[in-house]
Each structure stands twice: as C-alpha cells, then as structure tokens.
Q: 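Pasting a structure below so you can have a look.
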There are 2 protein chains.
Amino acid sequence: MSLRHAILGVLSAEPMTGYDLVRYIDESVGYVWSASQSQVYPELRRMEQEGLIQATVAQRGQRAEKRVYSLTPAGEAELRRWAADLLAYSPDRDPLYLKALFFDMVPFAAAREQLRAHIAHWSRRLEQWQERADLIRARRLPLLRKRLQQRDPAEHEAIVQFKAWVIEGKVARARTEIDWAQRGLRLIDALEAGRLTAAVAEDRAPIPRATPTLPPHQGPSGSEA
Amino acid sequence: MSLRHAILGVLSAEPMTGYDLVRYIDESVGYVWSASQSQVYPELRRMEQEGLIQATVAQRGQRAEKRVYSLTPAGEAELRRWAADLLAYSPDRDPLYLKALFFDMVPFAAAREQLRAHIAHWSRRLEQWQERADLIRARRLPLLRKRLQQRDPAEHEAIVQFKAWVIEGKVARARTEIDWAQRGLRLIDALEAGRLTAAVAEDRAPIPRATPTLPPHQGPSGSEA
DNA sequence: GTAGTCATGTAAGAGGTTACATGATTAG
DNA sequence: CTAATCATGTAACCTCTTACATGACTAC
C-alpha cells in the first residue's frame, strides 16, 4: 500500500487538489512511484474517511467547487510510521530480462532492436533524473521550496541531501541498464560473427567468472557508450 | 501477460507437471520472473484451452493421476513471437526508493536499519545470481542440459551466452543497489556528524553535479563494501 | 502409522490499467 | 465561441497475493 504514502508524501509539502496531486505525482514522486488519475480520486476519499487527510471545499468560478486536501496529524504520523517501517521485499519481476532469456529464439535484428529501445528508454530516464537531481540540489523546485518553508532550517540539508541521493540512485540504475544492453549488443555482434562458438569452446575447462572478453561494439548495431 | 511466457519458456526445455513447473520457475526463470502456485494451475488450464500447451495424463501409483504439460507448435510460435515483440515499458514503481525520499522524517537509526537490510537483501541475490551465472556457463544445470539436448549444437553457444548475460545483468543490478545503500549510510553518518550542514552551505553557488565528496564510511553503521 | 513430498485446485481481496463519462472555467 | 485546462469521478478487467482445501504417494 504505497500509493497512499506517495500521496501523503506530496501533501506533506503543500495542500492541494486531486488534480494537482496527479500532476505533482507525475513529475516529482512519480520518478519513483507513479499513479494514475483513476486511482488517486477514490484513494483520496478513502484516506479522508480514515482521517489521514482532510478536504477544504473551495469555490472556483461561480458554480464549481474543488476539494483541497491537507494532512491531518494522523496522516503525518502515518507517513512517519511508514517511512521508518522496515520494508518487506516482493519477488523480482522484470519482463525485459525474462524476454532476453529467450533471445536465442529470435532473429538477431529483433534482439538488437529491443536492446536499442532499452538504451533509448533508460537514456531518457537518465537525463530526466540527472536534471532533477541538479534541481533538487539547487533547491529550484517549487514543491521542494514549499516543503522547506514549513520545516526547521536545521533540517533543510537533510531533506535536500536525501532526495538528491535517491534520485542519483535512479541515475545509477539507468546507467547499469544501459551498460547491460550495450554488453548485449556486443554479444549479439560476436554471436553473429561466429566468434564465440570457437573462442569459448576452447577454454571451457576454467569456468570464466566474468563476461568473457568481447571486442568493442561497432558496426550496424550503433549506440556506443 | 508475462506469466504465460515464463511458463512457455520453462516448458520449452522439457515437458512437466504444474507442480514441477512451480519449482522450476522458482529456481530458474524465477530469478527474473516469479510466480505463485495459485497462479500457475489456473493459467495452465487456460493455456491448454487456448491450444498453447497440451497435457498428457499420466498415472502415479494406483489411484492418482498427474498432468504432464508440453508445448504445442502454437505454443512455441507464441513464445518466439513474444520474445521478438518490442516491449512496452510500464511506469517505475519502487517502494524502497519512495520510502527513502522521506528518510528526513525518521530517526537515523531507522534509516540505517533499512539500508542495512537492503544491503543484506541484495547481497544474498548477488551471491545466488553469481553462482547461477557460473552454473550456466559451466552448463551444469539439469534443465539447461535438457534444453540443449533438443536444440541444434550450433545454437548451444547462443543459448548459454544469452542466459548468462541476463543473469549477469541482475548481478550488476545487485551491485548498483548495494552501492546506493552504502552511499546512503555514509550520507547518514555525515548528516549525523553535522558535517554537511556547513560544508554544502559554503559552495551552494556552483551546483555540484555529482554526489559531494563524503568521508569513507565507518563507525557504528557497519556494512562497508 | 505418520511425516514429508507430490499434486491440484478454489476464493477473497488488494492494487493497478484502460476506457468511459461529465461538466465548469479560462484564455484567446 | 471555442479550445485547452481544471476538476472529479465510475466501471470493467487483469494480475498477483494470501489463505484455505484436499488427498494420494513414499520412505521410515
């Protein structure tokens, strides 16, 4: 049940409507926990009923209303409790790695295409996250500023450092994924050239612990580091 | 819908019962895609109805029966089709990273405990995966051997190399997670000692792109690399 | 006989996705 | 007046988890 804690986390910076919440989740916490609009509204109602948040109904224009949610003391307590609670790990499930296990059953071209898409995907994330980490350290994000305003200045450094460290963890993850995909491309090159069939057959006896030496990646597969 | 492809993947090595399948998923594909027993049986029935697999009812003992499932040609085609199909990426969702975003709200001790658990968790995985990668390269796994037996020897190298590469990708992931957690522990040490409050405040102007230099981790937090 | 393993299921519920649905407000 | 944005929801469906349930077989 992390959705509600993502919501509590955003609302702990500043009260806002469900609509704003969805947008902020998308562009702040969403880097780490995303949620769809159709999930958020019902969850807000449940949380309100349970006393974790409260809504102030505000007018907008002549006829319409909107509900601005803020944390109750119970909500803040729940956020702290959850953050300090030891996490139970759930089973690994990675569709791309599963797919890659069976790359021997597909044409080289298909495997290459998939890996280039993987590199593209994680490169985009890498840039977004890197930029975001910089913005956090520079304290340039509106929501972060709001958060700092209502916290003791003595805590500011910890707040900024923890958040930057988390996002930089995601940056590292992105680099690992890109690395892996590039090693995959080199492996495909080697297999296609028939270089491995002979090479590895020779020194089968001493089990290589790491990836066997592969020539640098080049040629039609592109996407070098 | 990756569960059925994980199942197809295992059955493509060797026909087996649902019971065996659950065990093999747990210890082979499960390193990358896990599935619970209560998921597998109904899915097998559905796949049988759709003609992807077929069951041979075999006796066991006097009264009991068991259903041994094997791939149909349609099942193998589906496995190949899926493996070659470009993957759509789903949103990021990582409960620990979400939690870590709010470590400024918990006692240092609680954050440390969580990070040590993280290191322990991924260290275990690291060892398991490393060992598994070695076994794959040495071709010592029973199921892998069965798989190789029914494939053209010219394909053997590709089969082994792809699988080893995938697992080594997981090894790299584990290292990244451990690294990140260790940087977190050092960050906590620094925050606790009050070293960062002063240090970072001084050079706020030039935005540091990477993690600021931190002293090597030591003291009560343990768990050094 | 009895404990552990082999073997196959069902049911309730949590959490998430996609699609549908509606209407007011505001900027041009 | 019209398009984009603000704002709030519902419904069907899929996947996975947890727990319950049953019973035969095998080794001791």
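Naming: A, B, ... by sequence-line order, numbering from 1 per chain.
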Q: Both conditions, 6.0 Å and 45 degrees, for the charged tip of B:Lys163 above the ring of A:Phe102: are they met here?
A: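 Yes, B:Lys163 sits over the ring of A:Phe102.
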Q: Might you confirm whether atom CD of B:Gln62 has over 12 heavy atoms from other residues, nucleotides or ligands at distances under 6.0 Å?
A: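 It does not: B:Gln62 CD has 12 such atoms or fewer within range.
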Q: Does B:Lys170 count as lying over the ring of B:Tyr31, i.e. NZ or CZ under 6.0 Å from the six-ring centre, within 45 degrees of the axis?
A: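 No, B:Lys170 and B:Tyr31 do not form such a contact.
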Q: Restricting both atoms to N or O, compile the protein contacts to nucleotides 22-24 of chain D shorter than 3.5 Å, with distance only.
A:
residue : atom : partner : partner atom : Å
D:dG23  : N2   : B:Arg60 : NH2          : 3.2

Q: Can we call the ring centroids of A:Trp33 and B:Tyr97 under 6.0 Å apart?
A: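 No - the distance between ring centres of A:Trp33 and B:Tyr97 does not fall below the 6.0 Å cut-off.
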Q: Using the heavy-atom set of chain B and a strict 4.0 Å cut-off, write down the first and last nucleotide of DNA chain C that makes it in, 5' to 3'.
A: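 Nucleotide range in contact with chain B: C:dT5 to C:dT17.
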Q: Rounded to the nearest angstrom, tell me the gap between atom CG in A:Asp92 and atom C1' in D:dC16.
A: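 To the nearest whole Å, that distance equals 15 Å.
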Q: Starting at OH of A:Tyr19 and ending at C1' of D:dC6, how long is that distance when rounded to a whole Å?
A: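 Checked: the OH to C1' distance equals 5 Å.
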Q: Identify all side-chain donor-acceptor contacts of residues 70-82 of chain A below 3.5 Å with residues at least two apart in sequence or on another chain.
A:
residue : atom : partner  : partner atom : Å
A:Thr72 : OG1  : A:Gly51  : O            : 2.6
A:Thr72 : OG1  : A:Leu52  : O            : 2.9
A:Thr72 : OG1  : A:Ala74  : N            : 3.4
A:Thr72 : OG1  : A:Gly75  : N            : 3.0
A:Glu76 : OE2  : A:Arg80  : NE           : 2.8
A:Glu76 : OE2  : A:Arg80  : NH2          : 3.0
A:Glu78 : OE1  : A:Arg81  : NE           : 2.9
A:Glu78 : OE2  : A:His5   : NE2          : 2.8
A:Glu78 : OE2  : A:Arg81  : NH2          : 2.8
A:Arg80 : NH1  : B:Met105 : O            : 3.0

Q: So A:Arg67 and A:Thr56, side chain to side chain donor-acceptor pair (under 3.5 Å) or not? Walk me through it.
A: CA-CA 6 Å; A:Arg67 304 170 64 77; A:Thr56 315; over 6 Å; no
Q: Go through the steps to decide whether B:Arg93 and A:Ser34 satisfy the test side chain to side chain donor-acceptor pair (under 3.5 Å), and finish with yes or no.
A: CA-CA 6 Å; B:Arg93 217 168 257 132; A:Ser34 79; 3.2 Å; yes
Q: Specify the residues of residues 79-89 of chain A, ordered by number, for which at least one heavy atom lies under 4.0 angstrom from an atom of DNA chain C.
A: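 None, since no heavy atom is under 4.0 Å.
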Q: Is atom CD of B:Glu127 surrounded by more than 12 heavy atoms (other residues, nucleotides or ligands) closer than 6.0 Å?
A: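 Counting other residues, nucleotides and ligands, CD of B:Glu127 stays at 12 neighbours or fewer.
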Q: I need the residues from residues 20-34 of chain A with at least one non-hydrogen atom less than 4.0 Å from DNA chain D; give them sorted by number, or say none.
A: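 Output list: A:Asp20.
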Q: Nearest-nucleotide wise, let me know which of B:Glu65 and B:Arg93 is further upstream toward the 5' end of DNA chain C.
A: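 It is B:Glu65 whose nearest nucleotide is closer to the 5' end.
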Q: Would one find more than 12 heavy atoms of other residues, nucleotides or ligands at under 6.0 Å from atom CD of A:Gln49?
A: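 Check fails, neighbour count at 12 or below.
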Q: Could you check whether any side-chain heavy atom of B:Leu191 comes within less than 4.5 Å of a side-chain heavy atom of B:Phe108, counting everything from C-beta outward?
A: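 B:Leu191 reaches B:Phe108 side chain to side chain.
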Q: Can you check whether A:Asp134 reaches A:Arg140 side chain to side chain, under 4.5 Å on heavy atoms?
A: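 A side-chain contact under 4.5 Å is absent here.
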Q: Which of residues 38-51 of chain A sit near DNA chain C, with a heavy atom under 4.0 Å from it?
A: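 Result for residues 38-51 of chain A: A:Ser38, A:Gln39, sorted by number.
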Q: Pair A:Asp92, B:Arg125 - check salt bridge (charged side-chain N to carboxylate O under 4.0 Å, His left out), show working.
A: CA-CA 10 Å; A:Asp92 299 300; B:Arg125 288 261 180 283; 2.7 Å; yes
Q: For the pair A:Tyr89 and B:His121, name the ring-plane relationship: parallel under 30°, tilted 30 to 60°, perpendicular over 60°.
A: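 The rings of A:Tyr89 and B:His121 lie parallel, inter-plane angle below 30°.
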Q: Starting at CG of A:Leu144, measure out to CD1 of A:Ile159 and round the result to the nearest 0.5 Å.
A: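 A:Leu144 atom CG to A:Ile159 atom CD1 measures 7.5 Å (nearest 0.5 Å).
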Q: For B:Trp165 and A:Trp180, take the angle between the two ring planes, folded into 0 to 90°, and tell me which bin it lands in: parallel under 30, tilted 30 to 60, perpendicular over 60.
A: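 Plane angle under 30°, so parallel.
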Q: A:Thr17 near the nucleic acid: base, sugar-phosphate alone, or nothing, with a heavy-atom cut-off under 4.0 Å?
A: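 Sugar-phosphate contact only - A:Thr17 comes under 4.0 Å of backbone atoms but never of a base.
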